[in-house]
Number of protein chains: 2
Amino acid sequence: MKMWLMGALALAGWMTAGMADAQEPTVEKKVFELASFTTQSGRALKNVRVGWESYGTLNADKSNAVLICHFFSGNSHAAGKYDASDAAPGYWDAIIGPGKAIDTNKYFVLSSDTLVNLNTGDPKTTTTGPASTNPDTGKPYGLDFPVVTVRDFVEVQKALVESLGIRKLALVAGPSMGSLQTFEWAASHPEMVAKAMPVIGAGEADAMLIAWLDVWAAPILVDPNWNNGDYYGKTPPLAGLAKALTAVTLQANHQDWANATFGRRPAKEGEEPGKALANRFQVQSVLDNAGMARAKVSDANHFLYLVKANQLFAAGGTSLADGMAKIKAPMLLITQPKDLVFTPDMVATTVKAAKEAGRDITHATIDGSRGHLDGVISMKQAEGAIRAFLEK
Amino acid sequence: MKMWLMGALALAGWMTAGMADAQEPTVEKKVFELASFTTQSGRALKNVRVGWESYGTLNADKSNAVLICHFFSGNSHAAGKYDASDAAPGYWDAIIGPGKAIDTNKYFVLSSDTLVNLNTGDPKTTTTGPASTNPDTGKPYGLDFPVVTVRDFVEVQKALVESLGIRKLALVAGPSMGSLQTFEWAASHPEMVAKAMPVIGAGEADAMLIAWLDVWAAPILVDPNWNNGDYYGKTPPLAGLAKALTAVTLQANHQDWANATFGRRPAKEGEEPGKALANRFQVQSVLDNAGMARAKVSDANHFLYLVKANQLFAAGGTSLADGMAKIKAPMLLITQPKDLVFTPDMVATTVKAAKEAGRDITHATIDGSRGHLDGVISMKQAEGAIRAFLEK
């Protein structure tokens, strides 16, 4: 099992989640390629490649497709296992599979890696971003890669979906940054989205989230190895990226978890934090170790481009009100009231805008001690709400 | 007016606060020196110096003294002006002064700079910390300075108070890190504290706060100019310190303020954030500029030592329950329910522990759009509660 996945899983508590049914078919990672893709910012990119996977079978009239969009640090592994011996299945396996809330006996579920996906060191992730080789120069793009937006992520997914002959998606869904893609799909291509299920997210990045994303990115910008994005073939900014990932992990969690799990225990017995500047509490070392494990298979420029894409996000490209006005699909919004990233205030603003625009929106909540992360790991709670939404 | 103060005030909204009464006497900054001070960690420091100031007059039996303890990035300038032309008075001037809630016609109010105070570049701040010259070597301590705790801050204050012949304080009070010192005073020297008024704080740093403090510190540790604390006489880690101060400023505020003040406006008209990686939103540039202005008169090692002192904090030195058991003083705890640093959950834990220990605790709240910072800038709201507490 890959190190970063181990780190993520240990923190996410997935080790305690049920194992996938041994009878389920294994999942295959595929690659979708676009010879040319023009970004919202107007740059034409050649040979854009993204990984994708699917569960279930596309029906004859291609009307049963569900698209799952991944979170900031995730990839397209939403459900199932690549191999029966995998320690854990994809992140939303609790709600995607045969007989589950998003029933793969009924739906053809697919998911793709976004552009500028973080996990460049993971062989199961394929993406195009600053770390990719620019076919025109034979060298990595670095900061010459254009700014990309959540709309760009959606347009690549649209090309993939259309390449399969799918004209309309029965459902678009995803947690966190996946919810942003969900809102974007519903606002930008309303005729292609029958239903939308954004989870732990909102219809627009507000000033506070924009500023928090800068706090996440800060250690990368200060790391001398970042070198203004020019570090390929040299020493990468591992220390800065690790600290950035630590910040993400913390804000994606909640004090209920931190306090119950770590309390004020020292990292090492006999090394009291008060005795030396270098002595630490357990919560510090666990978060830092998890950040470093992830950093080793991630790319710092991709992190910064993801931050930028999230900061730029407003559903439909202009404003929350505009985005909501464009949406046609009924929405099931699922959030966690303890979420420190997409806070209850932010969620309320989105719900209000959706209602003011006359949208059909149902708001369900889940609970737990993990805050934001419960939208990834505790989705079993929303099973009933999801079934009801899909059946209505 | 000093640059960092300008930055802090602009962000704090103090520019709109009332000017101090021109009739009030001006404040004088003094320096208290201890020939020797032994830290809780057992190190003897020579020539420990801290700045202090006072308002009002100490009465004949020295029974009217009030001690105000400052916040993380603050200093002892709690009230009044150094000069009638100062743009703004000390941070709690709304509640300290002639006829105000903490009435200087009645009380002798004093405040001192803590050890490892952040504002080493401010001529009105005097402190002892890593940036100070070690009398034994003639060179700055750097990371050879011992770990110091909130208890150490209190012990230096105690020496100052005793040097004035004061045996008991009518009140100890302070916001944020000042509340930690207040709890510490009440737990460590219960016989010396008649009343305690901790504001926007809690009786212990929990795992979540410990981890957030690491997020604040991260950019300093990654900055190559930090050089493991050895940068005196060289280029200081300004970039890292600026980013650290930006994180503090953000978390000390609230989305109500960020969203209402900045929205999604670009930093510069015509430079749309989506057009280039370097184009920013206004909220990003304002926070970064404020962080950089503060960094220029602050010290990065002092920042790290303050982080450590806050992480180590448990009132009375061991645990919340223990600390509360030691306290004798009636307490008025004033908090802001939108506080993102000392969250309502954390505050509730402290109130519960105080009640379980049989303490006389009154919990009042203030509101506003600034979250944590309202405990510094919006204290006028608590005037009635403070008067009632002091009179009871």
Side-chain angles (χ1 to χ4, degrees), chain A residues 40-41 143 147 149 204-212 214-215 218-224 229 237 239-240 243-244 246-247 250-251 253-265 273-277 279 281-284 287-288 304-305 308 311-312 314 319 340 343 345-346 349, chain B residues 40-41 143 147 149 204-212 214-215 218-224 229 237 239-240 243-244 246-247 250-251 253-265 273-277 279 281-284 287-288 304-305 308 311-312 314 319 340 343 345-346 349:
Chain A
Q40 295 295 303
S41 56
L143 297 200
V147 168
T149 62
E204 183 178 70
D206 65 7
M208 194 73 184
L209 181 60
I210 290 169
W212 274 123
D214 264 11
V215 170
I220 295 172
L221 302 178
V222 175
D223 188 325
K243 289 290 187 189
T246 297
L250 182 67
Q251 195 157 3
N253 270 288
H254 188 266
Q255 51 261 38
D256 286 356
W257 165 79
N259 296 334
T261 308
F262 305 108
R264 288 175 52 88
R265 267 194 303 282
K275 293 288 179 200
L277 207 60
N279 291 1
F281 290 98
Q282 189 184 33
V283 66
Q284 302 178 273
L287 287 173
D288 268 355
L304 298 177
Y305 275 74
K308 184 76 169 181
Q311 288 173 325
L312 291 171
S319 72
L340 302 177
T343 61
D345 288 3
M346 232 178 139
T349 301
Chain B
Q40 295 295 304
S41 56
L143 296 199
V147 168
T149 62
E204 182 178 71
D206 64 7
M208 194 72 184
L209 181 59
I210 290 169
W212 274 123
D214 265 11
V215 169
I220 295 172
L221 302 178
V222 175
D223 189 325
K243 289 289 187 187
T246 297
L250 182 66
Q251 196 158 2
N253 269 288
H254 189 265
Q255 52 261 38
D256 285 356
W257 165 79
N259 296 334
T261 308
F262 306 108
R264 288 176 50 90
R265 267 193 303 283
K275 292 288 179 198
L277 208 61
N279 291 2
F281 289 98
Q282 189 184 33
V283 66
Q284 302 177 273
L287 287 172
D288 268 356
L304 298 177
Y305 275 73
K308 184 76 170 181
Q311 288 173 324
L312 290 171
S319 72
L340 302 178
T343 61
D345 288 3
M346 234 178 137
T349 301

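Just so it is clear, the structure is predicted and the values come from calculations on it, not from any experiment. Labels below follow one simple rule: chain letters A, B, ... track the order of the sequence lines, proteins then strands, and each chain is numbered from 1. All values below were derived from every heavy atom in this structure, side-chain atoms included, with hydrogens, water molecules and symmetry-related copies excluded.
Of all heavy-atom pairs between A211(A) and L287(B), the closest is CB-CD1, 3.7 Å. For K308(A) against N279(B), the heavy-atom pair with the smallest separation is NZ-O, 2.6 Å. For the pair P224(B) and P224(A), the tightest heavy-atom approach, listed with the atom from each and the gap, is CD-CD, 3.5 Å.
With respect to chain B, the highest number of heavy-atom pairs below 4.5 Å among V215(A), T246(A), L250(A), T349(A) belongs to L250(A). The greatest number of non-hydrogen atom pairs below 4.5 Å with chain B, out of A218(A), S319(A), S41(A), P237(A), is found for A218(A). Ranking A205(A), A247(A), A314(A), A239(A) against chain B, the residue ahead of the rest is A205(A), based on heavy-atom pairs under 4.5 Å. Comparing N259(A), V147(A), V283(A) by heavy-atom pairs within less than 4.5 Å of chain B, the highest count is held by N259(A). In terms of heavy-atom pairs under 4.5 angstrom with chain B, the leader among R265(A), Q311(A), K275(A), K243(A) is Q311(A).
With a threshold of 4.5 angstrom between heavy atoms, D206(A) approaches chain B through its backbone and through its side chain. Within the 4.5 angstrom heavy-atom criterion, only side-chain atoms of L143(A), from C-beta onward, approach chain B. Using a 4.5 Å cut-off between heavy atoms, T343(A) touches chain B through its side chain atoms alone. Contact of A244(A) with chain B is not made at all, since no heavy-atom distance falls under 4.5 Å. Neither the backbone nor the side chain of A260(A) comes within contact range of chain B, judged by heavy atoms closer than 4.5 Å. Using a 4.5 Å cut-off between heavy atoms, D223(B) contacts chain A through both its backbone and its side chain. Looking at L221(A), only its side chain comes within 4.5 Å of chain B, counting heavy atoms on both sides.
The CZ atom of R264(B) lies 5.0 Å from the CD1 atom of I210(A); values are rounded to the nearest 0.5 Å. Distance check: M208(B) CE to D256(A) CG gives 9.5 Å after rounding to the nearest 0.5 Å. Atom-to-atom distance recorded for Q251(B):CD and W212(A):CH2 is 4.0 Å, nearest 0.5 angstrom. The CG atom of D214(A) sits 6.0 Å away from atom CG of D288(B), with the distance rounded to the nearest 0.5 Å.
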